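Everything below concerns the one structure shown next.
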Amino acid sequence: MNKLIKYIIALTNLYGLVHKNKVLEIYNSQNEDPITIEDVEAYLSKPTKDLGDSFIQIHKDYFVKEIILENKEFDLMLRKKADKPYYVPGEDELLNYVDELYFERNRQYTALLKFVEKNFFKEGDEKAEWLCDDIQGMCQFGVGMQTILDAFNQRQIHFKDQKQVSDVMNLIMDLLNNVRIWENNGHTPNEIHEKFEKPHLRPLPVKPFEFGGTDTRREKIGRNDPCPCGSGKKYKKCCGGK
């Protein structure tokens with residue numbers, strides 16, 4: 001498998017779908033020997049067995065995970081991705097995604113795994129990691145909390161009290177907010193909030209809001225004028241009389 005094919009597979013696994021121009025941009029940013037757009041387009045016009053084995057199909061000018069096309073979610077996914085920045089890891093980390101089962105075992109995943117091992121399995125039991133891997137996958141694809149908790153029931157794992165249920169749910173929510181997802185172009189929900197949404201939030205005013213404003217230059221309201229509160233009454237019989 002040549003290096004360009006590895007990049008195409010890794011990027012498609014990380015982003016769900018990737019445009020030919022993005023493949024070109026990222027490959028050339030990480031490699032000394034540049035490629036051309038024609039090199040990428042060669043795999044759009046004639047997909048290889050490696051792409052098929054990785055469940056990657058061609059749609060327009062995109063390399064796309066098969067499940068997106070099967071569920072007819074290509075246009076929806078493009079809308080969700082629109083204007084969001086791309087998470088681009090270094091080459092070594094990026095090429096880990098050639099394996100479609102690979103995911104980043106971050107601090108949140110480790111915390112969940114340690115809790116599950118301590119409370120539900122014997123030490124060293126690999127079933128704990130199997131469960132957490134399943135949970136991570138469900139978080140990645142936006143499965144609801146009840147479905148995730150059903151994964152415990154299916155394994156005949158019983159919670160001893162409500163606090164333990166709450167602890168598990170908090171750990172799962174923490175993982176959910178820190179898992180890399182397709183619709184965020186590989187970013188986690190927390191990263192998108194910090195890098196994309198938070199900077200555009202309108203800051204709260206330094207001073208508390210006062211009804212009527214604090215601009216001393218506003219025109220004086222006559223007693224028989226309509227009250228600015230919008231009640232429809234005259235000012236003298238509404239706010240002016242208070």
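Keep in mind that what you see is a predicted model, and the values were worked out from it rather than measured. Values below: every heavy atom of this structure, side chains too, minus hydrogens, waters and symmetry copies.
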(request) Apply salt bridge (charged side-chain N to carboxylate O under 4.0 Å, His left out) to D167 and K163, showing your working. (result) CA-CA 6 Å; D167 289 343; K163 180 181 182 304; 2.9 Å; yes
(request) State, yes or no, whether a side-chain contact exists between I67 and F55 at a heavy-atom distance under 4.5 Å. (result) no
(message) Just by distance, no angles: are the side chains of E93 and N96 close enough, under 3.5 Å, to form a donor-acceptor pair?
(response) yes
(request) Please check if the side chain of N28 supplies one atom and the backbone of I35 the other of a donor-acceptor pair under 3.5 Å. (result) yes
(message) Would you compute the distance between atom CG of L78 and atom CD of E183 and round it to the nearest 0.5 angstrom?
(response) 12.5 Å
(request) For residues D161 and Q164, report the shortest heavy-atom separation together with the two atoms involved. (result) OD1-N, 2.8 Å
(message) Could you check whether R180 makes a cation-pi contact with F103, meaning its NZ or CZ is under 6.0 Å from the centre of the six-membered ring and within 45° of the ring axis?
(response) no
(message) What I'd like to find out is whether the side chain of L24 reaches to under 4.5 Å of the side chain of P34, using heavy atoms alone.
(response) no
(message) How long is the straight-line distance from CG of L11 back to CG of N185, given to the nearest 0.5 Å?
(response) 11.0 Å
(request) Using only heavy-atom distances, determine whether the side chains of K84 and N184 contain a donor-acceptor pair under 3.5 Å. (result) yes
Extract all donor-acceptor atom pairs below 3.5 Å that involve side chains of residues 122-144 and protein atoms in other chains or at least two apart in sequence.
from, atom 1, to, atom 2, distance (Å)
D125, OD1, K127, N, 2.9
D133, OD1, Y109, OH, 2.4
D134, OD2, R155, NH2, 2.5

(message) For a 4.5 angstrom cut-off between non-hydrogen side-chain atoms, does L17 reach F63?
(response) no
(request) Decide whether Q30 and E91 meet the rule of one side-chain donor and one side-chain acceptor closer than 3.5 Å. (result) no
(message) Is a donor from one side chain sitting under 3.5 angstrom from an acceptor on the other, for Y62 and Q57?
(response) no
(message) Between N178 and N106, do the side chains contain a donor N or O and an acceptor N or O under 3.5 Å apart?
(response) no
(request) For I8 and I56, work out which heavy atoms get closest and say how close. (result) O-CD1, 4.5 Å
(message) Using modelled atom types and a 3.5 Å cut-off, is there a donor and acceptor pairing between side-chain atoms of D174 and backbone atoms of N170?
(response) no
(message) If we ignore hydrogens and angles and just use 3.5 Å, is the side chain of E191 paired with the main-chain N or O of T188 as donor and acceptor?
(response) yes
(request) Would you name the heavy atoms of W182 and K81 that are closest together and state the gap between them? (result) O-NZ, 2.9 Å
(request) Find out if a path of hydrophobic residues (ILVMFWY) with successive side-chain heavy-atom gaps under 4.5 Å connects I5 to V64. (result) no
(message) Between K65 (side chain only) and S54 (backbone N and O only), is there a donor and an acceptor less than 3.5 Å apart?
(response) yes
(request) Using modelled atom types only, decide if a donor and an acceptor are shared between the side chain of N2 and the backbone of L4 within a distance under 3.5 Å. (result) yes
(request) Answer yes or no: is there a side-chain heavy-atom contact under 4.5 Å between Q108 and L112? (result) no
(request) Classify the side-chain pair N31/Y7 by whether it contains a donor and acceptor separated by less than 3.5 Å. (result) yes
(request) Each residue besides V179 in its hydrophobic cluster should be listed here, by chain and number; the cluster joins Ile, Leu, Val, Met, Phe, Trp and Tyr at side-chain heavy-atom distances under 4.5 Å. (result) I181
(request) Using a 4.5 Å cut-off on heavy atoms from C-beta on, say whether the side chain of R105 contacts that of L113. (result) no
(request) Would you give the length of the straight line joining atom CG of N119 to atom NZ of K160, rounded to the nearest 0.5 angstrom? (result) 6.5 Å
(message) A cation-pi test, strictly: NZ or CZ of K22 under 6.0 Å from the centre of the six-membered ring of Y86 and no more than 45 degrees from its axis. Yes or no?
(response) yes
(message) A side-chain contact here means heavy atoms from C-beta on lying under 4.5 Å apart; do L51 and T48 qualify?
(response) yes
(message) Any side-chain to backbone donor/acceptor pair from D150 onto N153? Under 3.5 Å, distance only.
(response) no
(message) Any side-chain to backbone donor/acceptor pair from N13 onto Y97? Under 3.5 Å, distance only.
(response) yes
(request) Verify the cluster assignment for L76 and I68: are they in a single hydrophobic cluster under the rule of side-chain heavy atoms below 4.5 Å apart? (result) no
(request) Taking the side chain as every heavy atom from C-beta outward, state whether D61 and L44 have any atom pair closer than 4.5 Å. (result) yes
(message) Main chain of T36, side chain of D39: is a donor-acceptor contact present, judged purely on distance under 3.5 Å?
(response) yes
(request) Spell out, as yes or no, whether a donor-acceptor pair under 3.5 Å connects the side chain of S29 to the backbone of I26. (result) yes
